[in-house]
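In what follows, chains carry the letters A, B, and so on, assigned in the order in which the sequence lines appear, proteins first and then strands, with residues in each chain numbered from 1.
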Number of protein chains: 2
Amino acid sequence: MSYSYNHPRPALAVDCVIFGFDHREEAPELHTLCIKRNIEPFKGKWALPGGFMRMNETLDEAAARELKEETGVEKVYIEQLYTFSAPDRDPRERVVAVAYFALVNLEKHSLSAGTDADAAQWFSVSKLPPLAFDHKTIVKTALERLRGKVRYQPVGFELLPDEFTLSELQALYETILERTFDKRNFRKKIDNYGLLVETGGMRRGKPNRAAKLYRFDSKRYKALEKHGFIFEL
Amino acid sequence: MSYSYNHPRPALAVDCVIFGFDHREEAPELHTLCIKRNIEPFKGKWALPGGFMRMNETLDEAAARELKEETGVEKVYIEQLYTFSAPDRDPRERVVAVAYFALVNLEKHSLSAGTDADAAQWFSVSKLPPLAFDHKTIVKTALERLRGKVRYQPVGFELLPDEFTLSELQALYETILERTFDKRNFRKKIDNYGLLVETGGMRRGKPNRAAKLYRFDSKRYKALEKHGFIFEL
DNA sequence: TATAGTTCGTGTTAATTTTACACTAACTTA
DNA sequence: TAAGTTAGTGTAAAATTAACACGAACTATA
């Protein structure tokens, strides 16, 4: 058994992989929000936002807090990803990191003009800069989890604005899963689940036919989920 | 950013949910291996095997070590499950627990006659005794993960002996997923994947027709997996 | 104000996959 | 040798998925 409360202890940090998606891009991509470190170690390098857990908060709370403190992002979808514990992942001393991943609508959370571009920046996941610590591994793990998750849980909507078009939704799935879908078949499937509601609005502003706007009916999903319904794309 | 290495720190423990399955039972059930605590807190209560991470090992290593030390189980399938951090989950002081789940063949790991039944015992997951700390929550989380995982990754085989019959495999899936499968359809599907190899042996000893023995072809699975193949039940 | 350019929205058919379903074979025990 | 039990096998109907093309609606600009 050997429980003892007097072992030396690692520091315990949380790090957040924040995925953002901008449906307005022509060739949309997943993005991740990185922070430029202003202290050692890895001073000046890009890193995932994060920090140490406090003794009066849970890890979930610590992740949400760091997210807000470092990037202003709050009230978004966030879930625990994995705990990383390579003994040398921090060059100074032992730090175990509990990684989280968050999904945000990049449009809503695009960095305001006044923001110091040196402090925080979105990078497309295919063109990440070198990252501090083992953060590259963390991002990779988060991507794999997102790809797995998106197929059987409707989390993709978290990456879109509240109102979105079916084409935007399709582009999102095509981006994440790196494949294409047939437009009519995709719509048929989404339609059948009955999880989308027309808002009445239209997406205008582009030189082509306007598209209907929908929102995700999360109440209905929760109800269906209880009866064993499984979303699957 | 606010990285600092001088915060107060929680203790960091690992706990293991060990799932075992005995194909010889008439109404087979999933089991979990519990340890009786011989020190405070929760002295005398059942708990998941676990202990503190050491400064020179990873969490994976700590989990494997505790598993072996406390139950003798080694070289089995094990993966990180989730990190639990409720501030009051340990009545003494702050302890964050990284939970793992392991899958073992209960037959191979049944407690040898000499073992002190007071020290370690298998419980069917539907009849768990009260558990120390938040270990009940951990088991519940592990079960959910196992149910989700088993459907799209061939981990079920880890719960069976190296050689098993198709009926045993079917009973395993029916037990975990709490549903039944049609015998012919089940076999057809498994057959199509081409992941089972006849060993030539037969399961004898029961007063009925002997059944062919198979083993899981993990090499073939790994090869297929690389090309995007997804096992799905 | 007409035309070119672009995305939106829609239905049918064939192919594939999934489901439902029942009997004989093989072995053991009495 | 008969009774009891599990092993092993195929086919047809139903449901799901995949393939495929064109008119509608909107904007910009000629």
Between atom CZ in A/R187 and atom P in D/dA19, what is the gap in whole Å?
18 Å
Give the rounded distance in Å between these two atoms: NZ of A/K189 and P of C/dG9.
20 Å
Which class fits the ring pair B/Y221 and B/F229: parallel under 30°, tilted 30 to 60°, perpendicular over 60°?
perpendicular
Just the rounded figure in Å: distance from P of D/dA7 to NE2 of B/H23.
12 Å
When you measure from the side-chain N and O atoms of A/S167 to the phosphate of C/dT7, is any distance below 4.0 Å, counting only OP1 and OP2?
no
Atom CG of B/N192 to atom C1' of D/dG10: distance rounded to whole Å?
14 Å
Measure the acute angle between the ring planes of B/Y193 and B/F231, then classify it against the limits of 30° and 60° as parallel, tilted or perpendicular.
tilted
Result for 5'-nearest mapping on DNA chain D, choosing between B/D182 and B/T165, is B/T165
Could you tell me how far apart B/F181 (CZ) and C/dA20 (P) are, to the nearest whole angstrom?
12 Å
B/F181 six-ring face occupied by B/R179 cation (under 6.0 Å, within 45°):
yes
Can you give me the closest heavy-atom contact between A/N105 and A/L160, atom names plus distance?
CB-O, 3.8 Å
Looking only at non-hydrogen atoms, find the nearest pair between A/P28 and A/E25 and report the distance.
CD-O, 3.6 Å
Does a donor on one side chain sit under 3.5 Å from an acceptor on the other, for B/S126 and B/E29?
yes
Rounded to the nearest angstrom, tell me the gap between atom NZ in B/K183 and atom C1' in C/dC23.
11 Å
The single option from A/L166, A/T165, A/V197, A/L196 that satisfies side-chain contact (heavy atoms from CB on, under 4.5 Å) with A/L213 is A/T165
Atom CD1 of B/I190 and atom P of D/dG8: how far apart are they, to the nearest Å?
14 Å
D/dT11 base / B/K188 side chain donor-acceptor hit below 3.5 Å:
yes
When you measure only distances, ignoring hydrogens and angles, does the side chain of B/R184 come within 3.5 Å of the base of C/dA22 through a donor and an acceptor?
yes
Gap between atoms CZ and C1', on A/F186 and C/dC8 respectively (whole Å)
15 Å
Quick one, which residues of residues 196-212 of chain B touch DNA chain C with a heavy atom under 4.0 Å?
B/K206, B/P207, B/N208, B/R209, B/A210
Among C/dA20, C/dG11, C/dT10, the nucleotide that comes nearest once only the side chain of B/N185 is considered
C/dA20
